[in-house]
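First listed ligand is number 1; within each ligand, the first listed atom is number 1.
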Amino acid sequence: MVAAVRVHKVGGPEVLTYEDVAVPPPGAGQVRVRQHAIGVNFIDTYFRSGLYSAPGGLPFIVGNEAAGEVIDVGAGVSEFKRGDRVAYVQGPGCYTAERNVPADRVVKLPDNISYEQAAGMMLKGLTAEYLLRRTFKVQGGMNVLMHAAAGGVGLILCQWANQLGANVIGTVGSKDKAELARANGCHHTILYREEDFVARVKEITGGKLCEVVYDGIGKATFPASLDCLRPLGMFVSFGSSSGQIEAFNINILQFKGSLYATRPTLNNYAAKRADLVAMAAELFAAVGSGAVKIPVNQKYPLREAAKAHRDLESRATTGSSILIP
Ligand SMILES: NC(=O)c1ccc[n+]([C@@H]2O[C@H](COP(=O)([O-])OP(=O)(O)OC[C@H]3O[C@@H](n4cnc5c(N)ncnc54)[C@H](OP(=O)(O)O)[C@@H]3O)[C@@H](O)[C@H]2O)c1
């Protein structure tokens, strides 16, 4: 039996139940990982609350990213062996001391990336990679708006977009978060709970507006995010931390400047193993070189997963949060 955090009934953070679970030996094509650190992500709260359904139904183990050590391999696995340091995005099922994971979802960790860094960046960093390099290719001189710039994905996006030479504009919920975002490559911060962020983006860009908006907030920033885009700009709606965007009339994209809009997910971008491996290599190179740092600013014992969710949902966190089994 190993310690895990399960949901038996969807709801608030109080439904996260710390208990022992049995883990069978790894099946064909699986590796068994002893987890050293587990990432906490906003998507974990969508599964916990019932906004997203766990594919296997109830009860389920929460969590979508982790890092650890291979302790056993199933039939047919040749790429990994006992003792390999690995990380992966595969959920739900990560809030546990040990688990089996399909080997084709796992990547080896370079020696210069710690388990804690890896758990704080696999889901968030691979997301930043595809958002900046694949969904829309950010280039030097572009004006780029990131919402929740001091968050887990946000701080990685700011640093990476800065490295790419963009003019990085970020919205944040407090002055402390503004300072942190600026220390992580965000050139201009906007306190969007107090300031009109559309007016500020116009002012900051001298009326030129942005080539792309990365919006993980959803309901609260829509449709205002569209007004931050220049004609033919790209609206990337990649999350819903304030609630999901409701149905809208697609003609709004015409009237606001022949805009593009997309709602991407990491699962689609990393579906093929070759893409996952290439994206991870780019992320590890960016982090390994020091160009992008992974601020793991909250660390909790696994048994305190409910506190981690409360902190994340109440906007009390910055950067990445991890659980230690
Ligand atoms: N599509 C994908 O592939 C993908 C992958 C990873 C993450 N995501 C999405 O990216 C977003 C960020 O994820 P994360 O894990 O890095 O979380 P996070 O940004 O660290 O935390 C959420 C932040 O959103 C802001 N926020 C604004 N309104 C909020 C509200 N009503 N309730 C709670 N927070 C609110 C808060 O920052 P302020 O205080 O600064 O406003 C809060 O700190 C989430 O929407 C997530 O679902 C998508």
Report task. Without swapping roles, check the side chain of Arg303 against the backbone of Ala4 for a donor-acceptor pair under 3.5 Å. Result -> no
Query raised in the report: Distance-only, no hydrogens or angles: does the Arg85 side chain make a donor-acceptor pair with backbone N or O of Pro110 under 3.5 Å?
Result: yes
**Report entry** Arg134 side chain near Glu129 side chain, heavy-atom distance below 4.5 Å
**Finding:** yes
Query raised in the report: Are any side-chain N or O atoms of Asp44 and backbone N or O atoms of Asn41, one a donor and one an acceptor, separated by less than 3.5 Å?
Result: yes
Requested in this report: Assess the side chains of Thr189 and Arg182: does a donor N or O sit below 3.5 Å from an acceptor N or O?
Outcome: yes
Query raised in the report: For ligand 1, what are the residues with a heavy-atom contact below 4.0 Å?
Result: Asn41, Phe42, Tyr46, Leu123, Thr127, Tyr130, Ala148, Gly151, Gly152, Val153, Val172, Gly173, Lys177, Tyr192, Gly216, Ile217, Phe238, Gly239, Ser240, Ser241, Ser242, Arg263, Pro264, Thr265, Leu266, Leu312, Glu313, Arg315
Query raised in the report: Within 45 degrees of the axis of the six-membered ring of Tyr300 and under 6.0 Å from its centre: does Lys307 put its NZ or CZ there?
Result: no
